[in-house]
There are 2 protein chains.
Amino acid sequence: MGNNLPRILIVDDEPAIQRFLRTALDSCEFSLHQAENGHAALAATVTTKPDVILLDLGLPDMDGVEVIRRIRQWSQVPIVVLSVRDREGDKVKALDAGADDYLTKPFGVGELLARIRVALRRSLQQAPEPVYRIDELEVDLARRRVLVRGEEVSLTPTEYELLRLLVVHAGKVLTHRQILKQIWGVGYLEQPHVLRVNISNLRHKLESDASRPHYILTETGVGYRLKAKS
Amino acid sequence: MGNNLPRILIVDDEPAIQRFLRTALDSCEFSLHQAENGHAALAATVTTKPDVILLDLGLPDMDGVEVIRRIRQWSQVPIVVLSVRDREGDKVKALDAGADDYLTKPFGVGELLARIRVALRRSLQQAPEPVYRIDELEVDLARRRVLVRGEEVSLTPTEYELLRLLVVHAGKVLTHRQILKQIWGVGYLEQPHVLRVNISNLRHKLESDASRPHYILTETGVGYRLKAKS
DNA sequence: CTGGCATCTTGATACTTTCTTGATACCTTT
DNA sequence: AAAGGTATCAAGAAAGTATCAAGATGCCAG
């Protein structure tokens, strides 16, 4: 149905919980979708573009925290964790990975609804586009695809991570140290060479003239910057 | 001192809780402020512009939910409720009034900190850093970009540092020695030449007529001054 | 287990930008 | 006109950057 009710994606592998949530939420206020495992959840996040995700941490195929982390690579969609795990460490890990809220089962339906409304309040007031188009360069963070003049370009994992970092901060200067810390870890803080090589490689794949960069600009003595969206 | 630690406003009338929270949060990561009742909380929200508010619902002078409602009339600052009341109805009321999170006492310090980080994440990412606009000159400190008549100007690291210093103190006179110490270090205190060369270079990049400076003004015998914001 | 493949790391080298410095010209005040 | 402070130019030195390519690493398929 092409309605415009708020879309909620329920990620849980237990049919009982799925049923319970559907009953609780199915008052015609929401358009409900579901996924039974982590990979399905990631796919569904791309395809259904939910306004809120209700995520159980105990999934059969991958760790729930990893699901959060992957979604946060490209999306700001509010994630409310529903879990039986009441240990503080679990909560902290999930929240720091990017979750917005954490509810411990069992919880009241009223509270769940209220917390969903909180999440929706934020979701609706900000709708950022997950596809960055800058002149002839197109980066689809959700699908992990990069196009130059319509042609798909294949990047190595490091190259893609580097480009993603630049895209997320498009327009801002990222210092060498910020990039090195983010991608190679604190051990490489004093080793800008590895970064330069990767920037060079990226440019040769993305730019039409690598020696006259159009997208990835050098800020001498400081770092690099991706051209801002026009 | 004009530090920029995240500001947290603690609203609670019990000294014991105040002490507990101050201890828990006082790891030099936050700048803490407090209010003992609802009216003080509203006033403090205006004056200290906190990045997060920790609010106890049981205040002596007015209902906590009413405090939330009043703040929400003009501010989007994240509000995390800390309360002994565990009734679902209380949670729903507070959340629907505009609170972002609701923690029932007793709670773990780790969880509290994690939920504060969640709130800060949102608070900080939607707060754009100020842009200094002085006539036709525009300095965006967050993006490290300088525009003159809409055209981007590229500055060397030293030139940018110098301009940044001037911008931060726009309108005030900075002595030669202050600038030299700040940018070149104490070893250059008696060497104003290097500063003059850089001021000259900056002017040629920013001013339409470098010999008749409009932005970077010379205070003969004293130092330099950037024209104040109009 | 082994070879092949893609990727990552590292070193050498050429190249570019930025910094420093000295020489010199320019104001402005007395 | 002299003096003290200021502005500009340009060249060498220093610092930072780009690129190629060889060796190291790790993974997958046969």
Side-chain angles (χ1 to χ4, degrees), chain A residues 144 146 152-166 173-180 182-226, chain B residues 144 146 152-166 173-180 182-226:
Chain A
R144 206 184 182 287
V146 179
E152 182 157 3
V153 174
S154 97
L155 301 180
T156 72
T158 339
E159 284 164 4
Y160 180 80
E161 274 307 290
L162 181 50
L163 179 60
R164 189 181 66 77
L165 195 62
L166 290 167
V173 177
L174 290 171
T175 67
H176 299 130
R177 300 175 59 88
Q178 283 178 316
I179 302 174
L180 285 165
Q182 189 78 33
I183 296 184
W184 283 273
V186 285
Y188 283 75
L189 271 181
E190 308 304 333
Q191 212 157 326
H193 186 53
V194 63
L195 168 57
R196 297 214 174 93
V197 173
N198 277 276
I199 288 281
S200 173
N201 292 339
L202 251 185
R203 279 180 176 153
H204 280 89
K205 289 185 179 180
L206 305 184
E207 308 270 6
S208 37
D209 179 0
S211 63
R212 242 170 257 278
H214 181 82
Y215 303 116
I216 302 176
L217 309 173
T218 301
E219 299 279 342
T220 308
V222 184
Y224 296 94
R225 182 179 112 231
L226 190 69
Chain B
R144 201 187 180 280
V146 179
E152 184 160 0
V153 175
S154 98
L155 301 180
T156 73
T158 345
E159 284 163 5
Y160 180 81
E161 276 306 293
L162 181 50
L163 178 60
R164 194 180 63 78
L165 194 63
L166 289 167
V173 179
L174 289 169
T175 67
H176 298 133
R177 299 174 59 88
Q178 281 178 317
I179 302 174
L180 285 165
Q182 189 78 33
I183 296 183
W184 283 272
V186 285
Y188 283 75
L189 272 180
E190 308 305 330
Q191 214 158 323
H193 185 51
V194 64
L195 169 56
R196 297 214 173 94
V197 172
N198 275 276
I199 289 282
S200 172
N201 291 340
L202 249 186
R203 280 179 175 154
H204 280 90
K205 289 185 179 180
L206 304 184
E207 309 271 6
S208 37
D209 179 359
S211 62
R212 241 172 260 277
H214 181 82
Y215 303 116
I216 302 176
L217 310 172
T218 302
E219 299 283 341
T220 307
V222 185
Y224 296 94
R225 175 170 63 91
L226 189 70

Quiz item: Could you go step by step and tell me if Gln191(A) and Leu180(A) meet the side chain to side chain contact (heavy atoms under 4.5 Å, CB included) rule?
Solution: CA-CA 8 Å; Gln191(A) 212 157 326; Leu180(A) 285 165; 5.6 Å; no
Quiz item: With sequence neighbours left out, what residues match Tyr215(B) under ring pair (Phe, Tyr, Trp, His ring centres under 6.0 Å)?
Solution: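 With sequence neighbours excluded, Tyr215(B) shows a ring pair (Phe, Tyr, Trp, His ring centres under 6.0 Å) to no residue whatsoever.
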Quiz item: Just wondering, are more than 12 heavy atoms of other shown residues or ligands nearer than 6.0 Å to CD in Glu219(B)?
Solution: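 Counting neighbours around CD of Glu219(B), more than 12 heavy atoms of other residues, nucleotides or ligands fall under 6.0 Å, so yes.
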Less than 3.5 Å apart, which donor and acceptor atoms pair up between the side chains of residues 157-166 of chain A and the rest of the protein, not counting sequence neighbours?
{"from": "Glu159(A)", "atom 1": "OE1", "to": "Thr156(A)", "atom 2": "N", "distance (Å)": "3.0"}
{"from": "Glu159(A)", "atom 1": "OE1", "to": "Lys205(A)", "atom 2": "NZ", "distance (Å)": "2.8"}
{"from": "Glu161(A)", "atom 1": "OE1", "to": "Arg164(A)", "atom 2": "NH2", "distance (Å)": "3.3"}
{"from": "Glu161(A)", "atom 1": "OE2", "to": "Arg164(A)", "atom 2": "NE", "distance (Å)": "3.4"}
{"from": "Arg164(A)", "atom 1": "NE", "to": "Gln73(A)", "atom 2": "OE1", "distance (Å)": "3.4"}
{"from": "Arg164(A)", "atom 1": "NH1", "to": "Gln73(A)", "atom 2": "O", "distance (Å)": "3.3"}

Practice problem: Show your reasoning for whether side chain to side chain contact (heavy atoms under 4.5 Å, CB included) applies to Val146(B) and Leu206(B). | Solution: CA-CA 9 Å; Val146(B) 179; Leu206(B) 304 184; 3.9 Å; yes
Quiz item: Hey, mind stepping through Tyr224(B) and Val173(B) against side chain to side chain contact (heavy atoms under 4.5 Å, CB included) and telling me if it holds?
Solution: CA-CA 6 Å; Tyr224(B) 296 94; Val173(B) 179; over 6 Å; no
Exercise. Walk along DNA chain D from 5' to 3' and tell me the first and last nucleotide with an atom closer than 4.0 Å to a non-hydrogen atom of chain B.
Key: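 Listing 5' to 3', DNA chain D meets chain B from dG5(D) to dC9(D).
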Quiz item: Does the pair Asn198(A) and Trp184(A) meet the rule for a side chain to side chain contact (heavy atoms under 4.5 Å, CB included), with working shown?
Solution: CA-CA 12 Å; Asn198(A) 277 276; Trp184(A) 283 273; 3.4 Å; yes
Quiz item: Which value, rounded to the nearest 0.5 Å, describes the distance between Arg196(B) atom CZ and Asn201(B) atom CG?
Solution: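 If I round to the nearest 0.5 Å, the distance is 14.0 Å.
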Exercise. Can you sort out which residues in residues 216-224 of chain B have a heavy atom within less than 4.0 Å of DNA chain C? Ascending by number, please.
Key: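 Per residue number, the list is empty: none.
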Quiz item: Is there a residue in residues 184-211 of chain A whose heavy atoms reach under 4.0 Å of DNA chain C, and which residues are they?
Solution: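 DNA chain C contact set from residues 184-211 of chain A: Trp184(A), Tyr188(A), Gln191(A), His193(A), Val194(A), Val197(A).
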Quiz item: dT7(C) C1' sits how many Å from Tyr160(A) OH, rounded?
Solution: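 Checked: the OH to C1' distance equals 18 Å.
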Quiz prompt | Contact summary for Pro213(A) and Leu217(A), nearest pair of heavy atoms | solution =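 Heavy-atom minimum between the residues: O-CD2, 3.6 Å.
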Quiz item: Can you list the residues that meet the side chain to side chain contact (heavy atoms under 4.5 Å, CB included) rule with Thr175(A), with sequence neighbours excluded?
Solution: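 Side chain to side chain contact (heavy atoms under 4.5 Å, CB included) check on Thr175(A) returns Arg177(A), Gln178(A), Val222(A).
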